[in-house]
Amino acid sequence: KGEGWISLLWSGALLLGLWAQQAWAADDFQHHGYEEMVRALFSVQSQCPYITRIYSIGRSVEGRHLYVLEFSDNPGIHEALEPEFKYVGNMHGNEVLGRELLIYLCKFLCEEYIAGNQRITSLIHNTRIHILPSMNPDGYEVAARQGPEFNGYLVGRGNSRDVDLNRNFPDLNGLMYYYEKNNGKNHHLPLPDKWELQVEPETLAVIKWMQNYNFVLSANLHGGAVVANYPFDKSREARIRGKPTYSATPDDKIFKKLAKVYSFAHSWMHKGWNCGDYFEEGITNGANWYSLSKGMQDFNYLYTNCFEITLELSCDKFPPASALAREWLANREALVSYLEQVHHGIKGMVYDENNNPVSNAEISVAGVSHDITTGADGDYFRLLLPGTYTVTASAPGYQPSTSTVTVGPAEAIQLHFYLKPAPKVSNLNVRGHQGKKNLTAKVPPANLGPR
């Protein structure tokens, strides 16, 4: 059944072989310390000044910038109906392959754009791509001092305070699982009080980044296994007879498809047997592998519009420089194919009766209990598999509007909504009192909130 799709991916991989990339020499594949990484990013920016921008989302504990390289035909600007995508590497300081691959990807996108590669040109013209090669530059420096040969499994994993950043996000899963049973909110869950004081500077920077950009799709690059891991990472219930349990999101089928896109475009991930583990088709539900609280992947889904998966890319967390060229060739097509997935499903504008865009309107899909919202410009992006869907746009003060749409396998179908003002209610007191009553019913007891 999936053979046509797989052969399509392989033909894409063959196309990649014809790209300008052939010119890279062996000494291009080196590990980059912080200074070298910063130089490499600024070098790409000076080589492709009209399609790139470098910005910092904050600083690490030791004061190193968390630099992002953005690719777009209009850097620094969100264009309505153009989706935002991000890659995050090196969240665990000693898992370094993702960092290197993202530095190479930056260089590759720039060179292919200059060479006139149509696929890359189209991606850059129609997507706003944000690449953060290192979320944990302090941890990297600790791991790099040990070097590839002697790197322990945990040396440099955390930040400079030895905090594991992938266990440092506010825990929204407990709240979500409570709401599922009590018909509560299914998206953009509230953060706990004083959350800023409970997270590390690197985590705080990434959360503020998510608040400032309406990301649609993301991947978080790790090492220590070879598998595409999708949400939820945290189990809904305790282990059953000692075994971890599958914890599906309402978008489980889409997440499986996204994970498979990476796995099958990767040279060997899809084969399943890697690093002494077997994952069928090279993918796994996070909780079904092992349960993890306060991770970044689940936080993206529960707090923002963004769908994120976690890519485990190498058995060896700190591979020798001699392995980097092979790893780049194994991941290159997968990194591009996964990025292209941001253009599937539906997207559109939500307007009021005067054609003004409506921000923060809710877009709900019948049968999928996870809504998304419009961005500041009134545009929305909803990843969906091919099929026919009933979609509703709603916003406070307006009547909801519902449409039916059929999604194909190609680029996103555009579906716009025009909202009419809700009729004024004369008896405000009665309605207001009932509304308050309903609201209080949905607030969980204090002890069930996020930890």
Side-chain angles (χ1 to χ4, degrees), residues 1-9 11-12 79-86 119 122-123 125-129 186-188 214-219 228 230-231 248-265 281 283 300-301 304-309 334 336-351 357-358 361-375 377-395 400-419:
K1 195 167 72 179
E3 279 170 11
W5 177 55
I6 292 161
S7 64
L8 248 177
L9 281 175
S11 61
E79 297 170 73
L81 297 175
E82 185 171 280
E84 309 257 354
F85 176 97
K86 66 180 161 73
R119 186 178 175 198
S122 170
L123 251 186
H125 285 180
N126 298 303
T127 328
R128 195 173 176 205
I129 305 160
N186 66 23
H187 65 104
H188 290 83
N214 186 19
F215 293 116
V216 178
L217 182 62
S218 172
Y230 56 92
T249 65
D251 286 292
D252 191 55
K253 289 187 174 132
I254 301 170
F255 275 117
K256 283 170 94 162
K257 155 85 187 318
L258 291 168
K260 277 188 204 175
V261 164
Y262 200 94
S263 172
F264 279 92
E281 299 186 298
I283 68 170
N300 268 272
Y301 186 70
T304 76
N305 288 322
C306 190
F307 286 33
E308 179 172 280
I309 68 171
V336 176
S337 289
Y338 183 78
L339 215 167
E340 288 170 331
Q341 299 309 303
V342 78
H343 293 288
H344 292 301
I346 58 173
K347 66 179 182 178
M349 300 293 300
V350 177
Y351 297 107
V358 179
E362 292 185 359
I363 307 295
S364 57
V365 178
V368 184
S369 56
H370 181 78
D371 303 341
I372 53 118
T373 56
T374 54
D377 295 349
D379 54 350
Y380 75 89
F381 306 84
R382 184 51 165 105
L383 299 174
L384 291 167
L385 294 178
T388 300
Y389 300 91
T390 303
V391 185
T392 301
S394 56
S401 170
T402 300
S403 289
T404 300
V405 63
T406 298
V407 174
E411 68 259 26
I413 304 292
Q414 291 204 18
L415 175 64
H416 306 302
F417 290 94
Y418 296 85
L419 301 183

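Computed from a predicted model, the values in this text were never measured in an experiment.
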So [Y] and [X], do their side chains get closer than 4.5 Å, heavy atoms only?
X	Y	result
Tyr418	Ser401	no
Asn305	His188	yes
Gln341	Lys257	yes

Closest non-hydrogen atom pair between [X] and [Y], with its separation:
X	Y	result
Pro83	His343	CG-CE1, 3.6 Å
Tyr230	Ile309	CB-CG2, 4.0 Å
His344	Pro409	CE1-O, 3.2 Å
Lys260	Glu281	CE-OE1, 3.1 Å
Ser394	Pro400	CB-CB, 4.1 Å
Leu419	Ala393	CD2-O, 3.7 Å

Rounded distance [0.5 Å steps], [atom1] in [X] versus [atom2] in [Y]:
X	Y	atom1	atom2	value
Ile363	Asp371	CD1	CG	9.0 Å
Asn186	Ile372	CG	CD1	11.0 Å
Lys256	Thr249	NZ	OG1	10.5 Å
Thr374	Met349	OG1	CE	8.5 Å

Taking [Y]'s backbone N and O only, do any of them form a donor-acceptor pair with [X]'s side chain (distance below 3.5 Å, no angle check)?
X	Y	value
Thr304	Cys306	yes
Ser263	Ile283	no
Asn126	Ser122	yes

Ignoring hydrogens and angles, state whether a donor on the side chain of [X] or [Y] is under 3.5 Å from an acceptor on the partner side chain.
X	Y	result
Asn300	Ser218	no
Thr373	His187	no
Gln414	His416	yes

Open item on the list: Under 6.0 Å between ring centres: does that hold for Tyr301 and Phe307?
Closed with: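 Ring centroids of Tyr301 and Phe307 are less than 6.0 Å from each other.
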
Ignoring hydrogens and angles, write down the donor-acceptor pairs under 3.5 Å from the side chains of residues 377-387, residues two or more places apart or on other chains.
unit_1	atom_1	unit_2	atom_2	d
Asp379	OD2	His78	NE2	2.7
Asp379	OD2	Leu81	N	2.9
Tyr380	OH	Leu415	O	2.6
Arg382	NH1	Asp251	OD1	3.0
Arg382	NH2	Asp251	OD1	3.1
Arg382	NH2	Asp251	OD2	3.4
Arg382	NH2	His370	O	3.1

- [ ] Going by the side-chain contact (heavy atoms from CB on, under 4.5 Å) test, name the single residue among Leu258, Leu217, Leu123 that passes it with Val342.
- [x]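 Per the side-chain contact (heavy atoms from CB on, under 4.5 Å) rule, the option paired with Val342 is Leu217, out of Leu258, Leu217, Leu123.
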
Task: Steps toward side-chain contact (heavy atoms from CB on, under 4.5 Å) verdict (Ile346, Tyr389) - done: CA-CA 10 Å; Ile346 58 173; Tyr389 300 91; over 6 Å; no

Task: Test: Arg128 and Glu84 ion pair at under 4.0 Å - done: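 A salt bridge is present here (some side-chain N lies under 4.0 Å from a carboxylate O).
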
TODO: May I ask you to say whether Glu308 pairs ionically with Lys86, meaning some side-chain N is under 4.0 Å from a carboxylate O?
DONE: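 The answer is yes: the pair qualifies as a salt bridge.
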
Task: Intermediate values then yes/no, side-chain contact (heavy atoms from CB on, under 4.5 Å), Val358 and Tyr351 - done: CA-CA 5 Å; Val358 179; Tyr351 297 107; 5.6 Å; no

